[in-house]
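Heads up, the thing below is written out as structure tokens.
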Amino acid sequence: MTLRDGERVHLIDHKGRVYALSLRAGKTYQHSGQTIPHDRIIGVEDGSNVVLSGGAKFVVLRPTLAEYIMKMPRGAQVIYPKDLATILLWADIYPGATVVEAGIGSGALTMTLLRAVGETGRVVSYEIRDDFAERALENIAMYLGKVGHHVLHRQDIALGIEEHDVDRLVLDLPEPWRVVPEAVRALRTGGIFLSYLPTVPQVVKVVEVLQGSGAFGLIETFETFQRPWNIEGRSVRPALRMVAHTAFLTVARKLVTPVAMEPELDG
Ligand code: SAH
């Protein structure tokens with residue numbers, strides 16, 4: 001599919017460095033003193049080579065969601081793609097689901113959820129900061145265009161979840177234990193609570209509150225690592241650097257009558 005006026009694209013140089021731009025007919029892109037008219041990029045195939053005025057070559061691509069998230073303007077720190085991918089399966093986000101999330105931050109998780117629930121589903125975001133909310137809505141519109149299945153409430157989620165029969169609740173905020181009473185009311189039975197927390201004291205607190213709520217079972221906590229590898233001729237080894245820590249995921253199921261039950265961790 002050819003690249004269109006108005007869309008966001010990435011230019012990638014021979015070293016794999018990525019530069020983002022929004023295509024606008026009549027404009028000129030500049031990079032290290034070299035230029036290319038946007039009109040020379042508009043209309044080419046996704047994945048084409050383009051050459052700047054001084055001879056620099058770039059591959060031009062429509063970014064994947066993960067690539068877009070790593071390059072989009074950020075207000076708050078985003079959830080990294082390795083964790084977004086994990087959240088989709090561990091919170092079991094499915095087409096048609098009603099998903100509530102907080103806070104919206106920069107919108108990375110929101111976009112991931114919106115794509116996964118599809119237009120038959122619904123994503124409801126809660127956010128306390130207007131500046132983050134505005135930035136997130138712009139980021140979402142730039143990548144997904146106009147979406148009809150997203151709702152934003154500008155309020156503290158712990159003070160009330162307006163929705164009920166919620167299928168999944170995903171929390172990326174510092175004090176998710178404050179939201180547990182509302183989660184108990186809003187989630188349907190069989191529904192899933194997932195929190196994303198950077199530190200161990202936070203994880204302990206949320207797990208204790210979930211355990212004490214009398215509504216949740218199958219509570220599990222884990223983290224994921226993505227270790228990139230270098231594969232070049234005989235140099236086949238892990239890359240020298242990696243993102244060593246992002247956050248811990250805690251997942252719990254809302255049950256009719258919770259009993260003390262440990263999830264099977266291995267296998
Ligand atoms: N998941 C987002 C990043 C969220 S950063 C992303 O992937 O882009 C955490 C956000 O939670 C911040 O925007 C913060 O303002 C918001 N927040 C913190 N406490 C909150 C609360 N009690 N209710 C709603 N939003 C809250």
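Both counts, for ligands and for their atoms, begin at 1 and track the order of listing.
The environment of E134 atom CD is dense: over 12 non-hydrogen atoms of other residues, nucleotides or ligands sit within 6.0 angstrom. Annotation: E162, atom CD; neighbour count of heavy atoms from other residues, nucleotides and ligands within 6.0 Å is above 12.
Protein residues with a heavy atom closer than 4.0 Å to ligand 1 are A76, Q77, V78, I79, G103, I104, G105, S106, G107, A108, L109, Y126, E127, I128, R129, F132, Q155, D156, I157, D172, L173, P174, R178, listed by chain and number.
Using cut-offs of 30° and 60° for the angle between ring planes, the H31 and F58 rings count as perpendicular.
The side-chain contact (heavy atoms from CB on, under 4.5 Å) with V18 is formed by just one residue from the set I12, L61, D13, V59; it is I12. Under the side-chain contact (heavy atoms from CB on, under 4.5 Å) test applied with I219, the options E208, Q211, R253 reduce to a single match, Q211. Each of K82, Q226, E223 was compared with T246 under the side-chain hydrogen bond (donor to acceptor under 3.5 Å, both in side chains) criterion, and only K82 meets it.
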